[in-house]
Amino acid sequence: MKIGMLTGGGDAPGLNGVIRAVTMRSISEYGHEVVGLKRGWKALLSPEEDTLMPLSVDDVRLILEEGGTILGSSRTNPYKNEGDPEKVVKQMEEFGIDALVAIGGDDTLGVARRLHDDFGVQIIGCPKTIDNDLSATDTTFGFDTAVSIATDAIDKLRTTAKSHERILVVEIMGRHAGWITYASGLASSANVTLIPEVEPDLDEISDIFRARAARGDKWGLVAVSEGVTFSSDFVTQSAEKDEFGHVRLGGVAEGLAAELKERTGIDTRHVVLGHLQRGGTPTANDRILSTRYGYRAAEAVANGEWGKMVALRGDRIVTVGLEEAVSETKTVPPESYAMLKSFFG
Ligand code: F6P
């Protein structure tokens, strides 16, 4: 069997771990052929000269510790224009690909599901996102790395915030789910952590910093998720949407820093962590999780478990229907945030 593999959406540390494990097991244990498809769904919609990347065991053996994806990625949506899904299926046939392993978040997996349902494409999904917002799996690789980077950044910002008696407002990725902010705010003991799931109360936050200043601590740290809304409005970098209809979030920290300065009289600065959170080498946990996903995905292909996605449930890797994978955004539960809030101040 010839397996095509692609990575779609924003990259996440650990993608190469999946690519490595799928390739090594598919070739060594099942005798399959594996070919990488470069730049996500673009590979099958508008292929370029270098789209096909044949993968051998030797090609992938040493990529586990490398961040990013050797296959490249894009946010191409084959369901955006009429007739495009048919082109994708035809292109697969032209490449002689029998089955696909699609590694991505809800957008990529949503396309995978539709191609399977509409055309019977033999497909296995693998969940990926630093945002950790997929409900069908306990966690996704990339999340642990992003949390470590954000935690480390907040820890570093604390020393300079103290020296200069400033409030530092740190903007953290995660779209409409506050997982990275929640976890890094908790791990770094930020004074206030704000997530999209709960609209912030500016009076309450200002009171916290006024009380700290009254105790002699005229400094502080705020971890704020890029998707936090004020009066139900998102702060966006531009109104332009990607092919899946997402706006580019960004700018909430700057506005919040100005507002806190105005209200408390304490000097403020803001920092946007941005794509640093997706860069560099994966943590040991993400290397392990991505390897386990890839190993099981190769088995799912060999078993013909089409239309399924690998998922972590407890300490086991299982397969679940792709429809489950894309049905719901997993957000931070109110009780978890209540626990975190009890440490504010
Ligand atoms: O979904 C992953 C993510 O990193 C989000 O946290 C963030 O909002 C978005 O991607 C950024 O996308 P891009 O890389 O296209 O700027």
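In each ligand, atom 1 is the first atom listed, and ligand 1 is the first ligand listed.
- Residue G105 places no heavy atom under 4.0 Å from ligand 1.
- Nearest to atom 4 (O) of ligand 1 by heavy-atom distance, out of R175, H176, E226, R278, is R278.
- The residues E259 and R263 are annotated as salt-bridged, a charged nitrogen and a carboxylate oxygen being separated by less than 4.0 angstrom.
- Between D131 and ligand 1 there is a heavy-atom distance shorter than 4.0 Å.
- A cation-pi arrangement, defined by a distance under 6.0 Å to the six-membered ring centre and an angle within 45 degrees of its axis, is absent between R75 and F244.
- For the pair D138 and R316, the salt-bridge criterion is not met [side-chain N within less than 4.0 Å of a carboxylate O].
- Here K38 pairs with D50 in a salt bridge; the nearest charged N to carboxylate O distance falls below 4.0 Å.
- Classification of the Y30-H32 ring pair by plane angle, with boundaries at 30° and 60°, yields parallel.
- Under 4.0 angstrom from ligand 1, there are no non-hydrogen atoms of I180.
- Of the candidates K128, R75, H275, the one placing a heavy atom closest to atom 10 (O) of ligand 1 is R75.
- Of the polar atoms of G174, at least one N or O is found under 3.5 Å from an N or O of ligand 1, judged by distance alone.
- When each of T76, T7, L6 is tested with T108 by the rule side-chain contact (heavy atoms from CB on, under 4.5 Å), just one qualifies, namely L6.
- Not a single heavy atom of Q277 sits under 4.0 Å from any atom of ligand 1.
- The I130 neighbourhood of ligand 1 comprises atoms 4 (O), with distances under 4.0 Å to a heavy atom of that residue.
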